[in-house]
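For reference, the structure discussed in these notes is given below.
Throughout, protein chains are lettered first and strands after them, A, B, ... in sequence-line order, and every chain is numbered starting at 1. What you are looking at is a predicted structure, and each value in this text was computed from that prediction instead of being measured.
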Amino acid sequence: MTNRGSLRLMLLILSATFAFLYIPISVLFALSFNASGLPTAWTGFSTHWYAELMANSDIIGAALNTLIVAVVSTLSATLLGTLLAIGVEIRRRKGRLLETVIFAPMIIPDIVLAIALLSFFSMLDFRMGLHTIIISHTVFNLAFVCAVVRARLKSFDWSIVEASTDLGATTPVTLRRVILPVLTPAVVAGALLAFTLSIDEFIIAYFTAGSGRDSITLPMQIFSMIRFGVTPEINALAVLVMTLSVVALAISQRLNRGRLPGQ
Amino acid sequence: MTDRKPVYLMTPALAWLTAFMVVPCLLILALAFFRRGIYGGIVYEFTLSNIALVFDPLYARIFLKSAGIAGLAATIAVVIGYAAAYAIASMPRKRQPILLFFAVLPFWSNYLVRTYAWIVLLNREGLIVSLARAVGFEGELPQMLYTETAVVIGLVYNYLPFVILACYAPLSRLNPEIHEASRDLGASEWTTFRRVTLPMTVPGIATGFVFVFVLSIGNFVTPALLGGGQFQMIGNLIYDQFLTANDWPFGAALSMFLIAIMMGLLTLQTFASEKASGQQRAEVCDD
């Protein structure tokens, strides 16, 4: 790829791809500040729709629910996922079944996990609400935390664990004083990734939320807003939701030493 | 540390996954073999009728249609994604991480929001129509939203970042000397690409294709929002069985097929990747 012609072609491909990826998002962004709220005409800059959003108690309620679900499921998934990662990496013997169970939550189609959990909860006569969303989100979140932490553990120098044990430290002490400090950036990166996934997750939440209005999360609110009559407020909401997950991801990415999750 | 100790570290997570993933999935598997009650609900009587119903022409058509749309979306995403990944890999090394970062960034924003953006663009009073009017287009524009095309565009748009990532990985690992060697031996740029670069990056293509296909075939958000209920895909069909038609056993049977398709493809993909890397090793040995 030394000649000018192919360089020009490469730049053309890149520009076209980035235009395709970013124009739709940029349109939403611009639209959220359009006074009329309609895509047909620009009638001046306004933060009116953001103010409207803040005054909408349904949306604020849904946002609070989302936050509760995301925070609790992230905390539980981070604890479970980190311990799982350490346990799996310490073990010398790697079982195929174990690997499958750990990877399954990441690749199983959302709709299948969603209906499986719905059937499970309703057959047990388990009342559904925010707590069932939290339980369900913890399932896939712990798998992602585990994957991020395991990636870090691959380059971990296990001889320092041996040194710690030789010097008489018990396993819990070694865990707390030796393994965890090294792992902290990866654990935080995994937690932020889990937080992002949980905030954005729609299908599983939709199926495990039960029928009450008080367990509606933000993505569920957005879905019904899109489906049943689009109001201009949704542009502002879209921009806020998008910004939140991108910021969380950017921090996660920095902590994870410049690597994107999944990379 | 001995082999015994890590077990208790893994226990809480494995217990969680067993209770809230393995058991529910087995439940669905079992459910597929029970009968539906007259008023919904489940009658615990063994039957194969749900499985048979999946092959009913009416539903088999929906499966084929979903597979067609998923296949089209996956093909387009792979073509664009591979070209983009190739372009990124041909930029100066220092610039590549930031380009890749911005290519993948949209993937981590809300799926519903990204889909909604296309409603804004494709709508009858949407941006594309407005732009066409602004440049003086008077005629009747074809309906764009609530069509199959809109669904395919939505799927490609949403999953493209992942394909770029999947294709970039093997492209960035290519040894530039192999490329040079091929050129020195007189192969044209195109021949080099076709005979050297492409075969060595098959694993990335396979991963990208399978990923888009699997996520598309079971998708229910995109057909619901961009297809406007004009046609059903498997995801919507499963959704209906559980939330409106109240035929859980049939919904469970449909899910099992979805899982079967997915596992089949993932196995093929692993096979393709292993074959590709085996071939490379063999070729190196031949030299």
Q. With a 4.5 angstrom heavy-atom cut-off, which part of B:L254 approaches chain A: side chain, backbone, both or neither?
A. neither
Q | A:I107 versus B:M262, closest heavy-atom pair with distance | A | O-SD, 3.4 Å
Q.
Quick check for you: to the nearest 0.5 Å, what is the distance between A:L80 atom CG and B:M10 atom CE?
A. 13.0 Å
Q: First locate atom CG of A:L83, then atom OG1 of B:T11, and finally report the distance between them rounded to the nearest 0.5 Å.
A: 9.5 Å
Q.
Can you tell me how far apart OG (A:S224) and CG (B:L112) are? Round to the nearest 0.5 Å.
A. 10.0 Å
Q | Taking every non-hydrogen atom, the tightest pair across B:L17 and A:I102 | A | CD1-CA, 4.4 Å
Q. Using non-hydrogen atoms only, which part of B:Y111 is less than 4.5 Å away from chain A: side chain, backbone, both, or neither?
A. neither
Q) How many angstroms lie between CG in A:L218 and CG in B:N110, if you round to the nearest 0.5 Å? A) 8.0 Å
Q. Relative to chain A, which segment of B:M263 carries a heavy atom at a distance below 4.5 Å: side chain, backbone, both, or neither?
A. neither
Q.
For the interface with chain A, which of B:G235, B:A84, B:G81 has the highest count of heavy-atom pairs at distances below 4.5 Å?
A. B:A84
Q) Is the closest side-chain heavy-atom distance between A:F140 and B:M21 below 4.5 Å? A) no
Q | Where A:L113 and B:F20 come nearest, the two heavy atoms and their spacing | A | CD1-O, 4.3 Å
(Q) Please list all pairs meeting salt bridge (Lys or Arg N to Asp or Glu O under 4.0 Å) that have one or both residues in residues 83-107 of chain B, counting only residues at least two apart or in different chains. (A) none
Q: Can you check whether anything in residues 23-31 of chain B gets within less than 4.5 Å of chain A, heavy-atom wise, and list it by number?
A: B:V23, B:P24, B:C25, B:L27, B:I28, B:L31
Q | CG on A:L142 to CG on B:L14, rounded to 0.5 Å | A | 9.0 Å
Q: Test B:W108 against A:V246 for side chain to side chain contact (heavy atoms under 4.5 Å, CB included), laying out the working first.
A: CA-CA 6 Å; B:W108 296 99; A:V246 164; 5.7 Å; no
Q) Tell me, side chain or backbone of B:A169 under 4.5 Å from chain A's heavy atoms, or both, or neither? A) neither
Q) Of the listed residues (B:F220, B:W248, B:F211), which shares the most heavy-atom pairs with chain A below a 4.5 Å separation? A) B:W248
**Q.** Candidate pair B:I42 and A:M123, rule side chain to side chain contact (heavy atoms under 4.5 Å, CB included), full reasoning
**A.** CA-CA 10 Å; B:I42 299 137; A:M123 278 182 155; 3.6 Å; yes
Q | Pairs of heavy atoms under 4.5 Å with chain A: top-ranked of B:A166, B:A87, B:P12, B:S255 | A | B:A87
Q. Given that the side chain runs from C-beta out, which part of B:F102 has a heavy atom under 4.5 Å from chain A: side chain, backbone, both or neither?
A. both
Q. Would you say B:F34 has more than 12 foreign heavy atoms packed within less than 6.0 Å of its CZ?
A. yes
Q: Might you confirm whether atom CZ of A:F20 has over 12 heavy atoms from other residues, nucleotides or ligands at distances under 6.0 Å?
A: yes
Q: Quick one: which of B:P161, B:P106, B:A15, B:G251 has the most heavy-atom pairs under 4.5 Å with chain A, could you say?
A: B:P106
Q.
If I measure from the heavy atoms of chain A, does B:L243 come under 4.5 Å with its side chain, its backbone, both, or neither?
A. side chain
(Q) If I measure from the heavy atoms of chain A, does B:A19 come under 4.5 Å with its side chain, its backbone, both, or neither? (A) backbone
Q.
Taking the side chain as everything from C-beta on, heavy atoms only, tell me whether B:L9 gets closer than 4.5 Å to A:L175.
A. yes
Q) What do the steps show when you test B:Y239 against A:I203 for side chain to side chain contact (heavy atoms under 4.5 Å, CB included), and what is the final call? A) CA-CA 10 Å; B:Y239 168 94; A:I203 297 170; over 6 Å; no
(Q) If I take atom OG from residue B:S109 and atom CG from residue A:L28, how far apart are they, to the nearest 0.5 angstrom? (A) 9.5 Å
Q: Test B:W16 against A:L84 for side chain to side chain contact (heavy atoms under 4.5 Å, CB included), laying out the working first.
A: CA-CA 11 Å; B:W16 196 279; A:L84 178 63; over 6 Å; no
